Amino acid sequence: MLELLPPPPTDPLWDLTYEFGTDERPERLNLVLGVYRDQTGTTPVMTAVREAEIRLAERSDSKEYRGLSGNAAFNRSLLELVLGPSGPADRAAAVQTVAGSGALRLLADLICRTRPGTTVWISDPAYVNHRPILEAAGLRVRTYGWRDAEGGFDTSGVLGELRNAQRDDVVLLQGCCHNPTGVDPLLDDWEALAESAVRGGWVPFVDLAYHGLGDGLEADLLATRMLAARVPEMLIAVSCSKNFGLYSDRVGCAIVIGASGQAVRHAETTLQNAARTLYSMPPEHGAAVVTTILQDEGLRAAWRAELEVMRGRIMDNRADLIAHLSTLGCAEQARSLARQKGMFSMLPLSSHQMLRLRRQYAVYGTTSGRINIAGIPAHRIPDLARGIAGVLDGPDTADRLRTLPRQQTGPAAAVLP
């Protein structure tokens, strides 16, 4: 049987990670993986997480199955965190998943079981796993643009393209800190998107993976909460990887909001059935950690304080890189980065320039230009700025950097997670 398998494509993310691991240059810099790193280059265990784990170890007396929906207390805690105390809890349900990617897949299966062949709209560029997950579930995928010619959010363009969405189509939106661009809509833009959804009859599908790392936890959740209050139906995929630092524990949640309690109960059972065929039930440890933190006032305050420190370091890194690029005469690049927020930044560089950045300066980013701002040690930012300046050669560089973002996307310039 295995002899019949054609040669499969390899994962470009892990190809770059492997290449970085074999690079013997001591100055090499890995900005590929989407993880937070401190000044030492380590992805730390958050203090609140460590304390929660100690408490769990002290009181642990069973490893019994939790059930198809996972940890019920975790699901309640995530619903309250995401939707807020005044959110539509009476017509919402949550199911614990295997991280954010698992939530995306379960919700994609829900869409397909409800209406096979549904069209889901995703941004261009998008998180690299959006299209494969949706298509693997049997859904059709269309794209809408995201940035304008100046690198900001393209309000009129996005709203114009989504006027082509049919009633009951699904539109996937990243709730904050857009991956890979770092460019988010303003609150007025979100209001316009909510109006478009209500008027056009399309269903918002929010991917919420970086809340707390953009403008702050509450500010990053505003758009999701506003949509939940305005639309009759909504899907939300939540990840705890980034803001709790639980990358390898694979903690996430799928949230459904419906027009009635009965519809939501049916959706919850459908999600449970989909989980049963994929992995039966999600792992307990990470969910128990998050629940312990969110249900304890002291741990919750400590977690939020540490999350603010992480957010501040990301902001400082971006500001420092902008300042160094400006000093080096890279004004166009500095202006582009100034429009971005969150863990990632999209360098206005071609795939060839990103290759040169890796080969000549030992700086590893994706071919599309995405780098992990949250993973740069502060003392290496001048090196990064000099590398970026070093690959900007030729008289037509400025003109090429002004090329519309959508002209640099697609399979040949895949964006990585």
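Computed from a predicted structure; not experimentally measured.
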Check for a donor-acceptor pair, side chain of [X] on one end and backbone N or O of [Y] on the other, with a separation under 3.5 Å.
| X | Y | value |
| --- | --- | --- |
| Gln39 | Ala378 | yes |
| Ser280 | Arg276 | no |
| Glu161 | Gly145 | yes |
| Asp220 | Gly214 | yes |
| Asn75 | Ser69 | yes |
| Ser77 | Ala73 | yes |
| Asn71 | Gln96 | no |
| Arg91 | Val256 | no |
| Glu308 | Gly216 | no |
| Ser239 | Ser241 | yes |

Smallest separation among heavy atoms of [X] and [Y], with atom names:
| X | Y | answer |
| --- | --- | --- |
| Leu68 | Pro282 | O-CD, 4.1 Å |
| Asn317 | Ile376 | ND2-O, 3.0 Å |
| Ala94 | Ile255 | CB-CG1, 4.0 Å |
| Asp296 | Arg55 | OD2-NH1, 3.1 Å |
| Met234 | Thr224 | CE-O, 3.6 Å |
| Ser123 | His178 | OG-NE2, 3.0 Å |

Could you verify whether a donor N or O on one side chain and an acceptor N or O on the other, from [X] and [Y], lie under 3.5 Å apart?
| X | Y | result |
| --- | --- | --- |
| Asn372 | Tyr36 | no |
| Trp202 | Asp168 | no |
| Arg147 | Thr181 | no |
| His285 | Glu53 | yes |
| Arg370 | Asn179 | yes |
| Arg300 | Gln295 | no |

Heavy-atom side-chain contact between [X] and [Y] under 4.5 Å:
| X | Y | result |
| --- | --- | --- |
| Pro44 | Asp38 | yes |
| Leu162 | Leu193 | yes |
| Asn243 | Met310 | no |
| Gln353 | Leu392 | yes |
| Asp207 | Leu104 | yes |
| Ser336 | Met346 | no |
| Ile371 | Leu384 | yes |
| Asp189 | Asp184 | no |

Interatomic distance, [X] atom [atom1] to [Y] atom [atom2] [nearest 0.5 angstrom]:
| X | Y | atom1 | atom2 | result |
| --- | --- | --- | --- | --- |
| Leu172 | Leu235 | CG | CG | 9.0 Å |
| Lys242 | Leu213 | NZ | CG | 9.5 Å |
| Arg225 | Ser86 | CZ | OG | 7.5 Å |

Legend entry - Worked check of salt bridge (charged side-chain N to carboxylate O under 4.0 Å, His left out) between Glu218 and Arg304: CA-CA 11 Å; Glu218 296 299 319; Arg304 293 191 62 157; 3.5 Å; yes
Legend entry - Arg230 with Glu191: basic N within carboxylate O range, under 4.0 Å: yes
Legend entry - Intermediate values then yes/no, salt bridge (charged side-chain N to carboxylate O under 4.0 Å, His left out), Glu19 and Arg358: CA-CA 10 Å; Glu19 184 179 341; Arg358 183 164 78 247; 3.3 Å; yes
Inset, instruction - Apply the test side-chain hydrogen bond (donor to acceptor under 3.5 Å, both in side chains) to residues Thr42 and Arg37: give CA-CA distance (whole Å), side-chain angles for both, the deciding distance (0.1 Å), then the verdict. - result: CA-CA 5 Å; Thr42 301; Arg37 295 192 180 94; over 6 Å; no
Inset, instruction - Over 60° means perpendicular and under 30° means parallel, so classify the ring planes of Phe344 and Tyr210, tilted if in between. - result: perpendicular
Inset, instruction - For atom CE of Met226, decide whether the heavy atoms of other residues, nucleotides or ligands shown that lie under 6.0 angstrom number more than 12. - result: yes
Legend entry - Tyr18 atom OH: more than 12 heavy-atom contacts under 6.0 Å: no
Inset, instruction - Please list all pairs passing the side chain to side chain donor-acceptor pair (under 3.5 Å) test where one or both residues lie in residues 259-270, with sequence neighbours left out. - result: none
Inset, instruction - Please report the C-alpha distance between Val120 and Asp169 in whole Å, then the side-chain angles of each, then the deciding distance to 0.1 Å, and finally whether the side-chain contact (heavy atoms from CB on, under 4.5 Å) criterion is met. - result: CA-CA 6 Å; Val120 181; Asp169 279 1; over 6 Å; no
Inset, instruction - May I have the step-by-step check of salt bridge (charged side-chain N to carboxylate O under 4.0 Å, His left out) for Glu150 and Arg339, ending in yes or no? - result: CA-CA 9 Å; Glu150 284 71 44; Arg339 301 182 182 98; over 6 Å; no
Legend entry - side-chain contact (heavy atoms from CB on, under 4.5 Å) assessment of His324 paired with Asp320: CA-CA 6 Å; His324 277 86; Asp320 199 15; 3.1 Å; yes
Inset, instruction - List the steps, then state whether side-chain contact (heavy atoms from CB on, under 4.5 Å) holds for Leu208 with Val82. - result: CA-CA 9 Å; Leu208 200 58; Val82 171; 4.0 Å; yes
Inset, instruction - Check the pair Arg311, Asp215 against salt bridge (charged side-chain N to carboxylate O under 4.0 Å, His left out), reporting the backbone distance first and the verdict last. - result: CA-CA 8 Å; Arg311 184 176 79 90; Asp215 293 324; 5.1 Å; no
Inset, instruction - Determine, for Tyr364 and Arg28, whether the Lys NZ or Arg CZ falls below 6.0 Å from the six-membered ring centre while staying within 45 degrees of the axis. - result: no
Legend entry - side-chain contact (heavy atoms from CB on, under 4.5 Å) assessment of Ile122 paired with Tyr127: CA-CA 9 Å; Ile122 65 174; Tyr127 165 51; over 6 Å; no
Inset, instruction - Sequence neighbours left out, what pairs pass ring pair (Phe, Tyr, Trp, His ring centres under 6.0 Å) with at least one residue falling in residues 147-175? - result: Trp146-Phe153
